[in-house]
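Nothing here was measured: the structure is a model prediction, and the numbers come from that model.
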Amino acid sequence: MKEISAHLEGKGLRIGVVVSRFNDLFTRQLLAGAEDALVRHGVDADAITVAWVPGANESPLAAQKMAGSGRYDAVIVLGCVIQGATRHAELINGQVSRSLAKIALDTGVPVINGVVTAENLDQAIERSGTKAGNKGWTAALAAIEMANLFKQPGISG
């Protein structure tokens, strides 16, 4: 049995990051976590491109453009959708998640969903850099690992 594994070395990788301005109190923390993880794992800061979009619902189109450009080894999408009194958050979260998965499948470029889906402000705070960690950081690690996996013989083109 042959096993293919990836590593967390970011040297030489080019990463696109799409960030939602909506709930930017949280998304700025997610971005800081993602950038910190990428740089600490060897990604050159100049190889990280950040695109700001109005909200999580607009992020799939920006991610699609980045993934389809051929300029990035992976794309990370960061946002924060907090449940309110209506089903709006549930609908947004489902559509964004499905769209990001489809973009990755259509382009062959890893598209990492780093959108915090929270039921309340406390959960959003926890997932943006306190008790539960920083989802931006973990999304960045997933991007590095997947980009490296796709460079391995037997997985790449």
Side-chain angles (χ1 to χ4, degrees), residues 5-10 13-43 45 47-69 72-150:
S5 63
H7 55 283
L8 290 174
E9 172 59 50
L13 295 180
R14 298 161 302 150
I15 307 293
V17 184
V18 178
V19 188
S20 169
R21 277 195 310 273
F22 193 79
N23 285 328
D24 74 334
L25 173 69
F26 305 109
T27 62
R28 289 185 185 283
Q29 293 303 315
L30 296 172
L31 177 58
E35 288 176 326
D36 186 36
L38 292 169
V39 171
R40 284 182 191 241
H41 287 84
V43 176
I48 303 167
T49 302
V50 177
W52 287 88
V53 296
N57 205 44
E58 291 75 33
S59 61
L61 181 57
Q64 181 181 43
K65 294 290 188 181
M66 286 182 137
S69 74
Y72 303 101
D73 297 299
V75 176
I76 302 166
V77 176
L78 303 173
C80 182
V81 181
I82 303 170
Q83 183 64 49
T86 67
R87 292 188 49 220
H88 181 74
E90 181 183 331
L91 296 172
I92 295 289
N93 291 332
Q95 184 59 47
V96 168
S97 184
R98 282 187 297 278
S99 296
L100 297 180
K102 183 173 183 339
I103 294 162
L105 291 170
D106 288 350
T107 64
V109 174
V111 178
I112 308 302
N113 185 345
V115 177
V116 169
T117 58
E119 293 181 16
N120 53 53
L121 287 172
D122 288 338
Q123 286 182 355
I125 291 167
E126 287 177 7
R127 294 178 180 138
S128 300
T130 61
K131 290 183 202 175
N134 184 310
K135 192 164 183 176
W137 174 280
T138 56
L141 295 183
I144 293 169
E145 185 173 356
M146 291 299 290
N148 283 323
L149 179 65
F150 289 168

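- Under a 3.5 Å cut-off, the side chain of R127 and the backbone N or O of G133 do not form any donor-acceptor pair.
- N134 places a side-chain N or O within 3.5 Å of a backbone atom of Q29 that can act as its donor or acceptor partner.
- The backbone N or O of A32 sits nowhere less than 3.5 Å from a side-chain atom of E35 that would complete a donor-acceptor pair.
- Two residues are said to be in side-chain contact when any heavy atoms from C-beta on lie closer than 4.5 Å; I112 and M146 meet this criterion.
- Nearest heavy atom pair, residue A34 against residue L78, reads CB-CD1, 4.1 Å.
- T49 contributes no side-chain N or O that, together with a main-chain N or O of G16, makes up a donor-acceptor pair within less than 3.5 Å.
- Residues H41 and L141 share a closest heavy-atom pair of CE1-CD2, 3.3 Å.
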Verify side chain to side chain contact (heavy atoms under 4.5 Å, CB included) between W137 and R40, making sure each step is shown before the conclusion. CA-CA 10 Å; W137 174 280; R40 284 182 191 241; 3.7 Å; yes
Candidate pair F26 and I125, rule side chain to side chain contact (heavy atoms under 4.5 Å, CB included), full reasoning: CA-CA 7 Å; F26 305 109; I125 291 167; 3.5 Å; yes
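- The shortest heavy-atom contact between V115 and N93 is CG1-OD1, 4.5 Å.
- In terms of heavy atoms, V111 sits closest to A63 at CG1-CB, 4.3 Å.
- To the nearest 0.5 Å, atom SG of residue C80 and atom CD of residue Q123 are 10.0 Å apart.
- Of the possible donor and acceptor atoms, one in the side chain of S128 sits under 3.5 Å from a partner among the backbone N and O of A124.
- Between T27 and W52 there is a side-chain heavy-atom pair separated by less than 4.5 Å.
- You'll find the side chain of I15 reaches within 4.5 Å of the side chain of V17, heavy atoms only.
- Contact detail for P110 and A147: the closest heavy-atom pair is CG-N, 4.1 Å.
- Side-chain atoms of N148 come within 3.5 Å of backbone N or O of H7 as a donor-acceptor pair.
- Residues V75 and M66 approach most closely at CG2-CB, 3.9 Å, considering heavy atoms.
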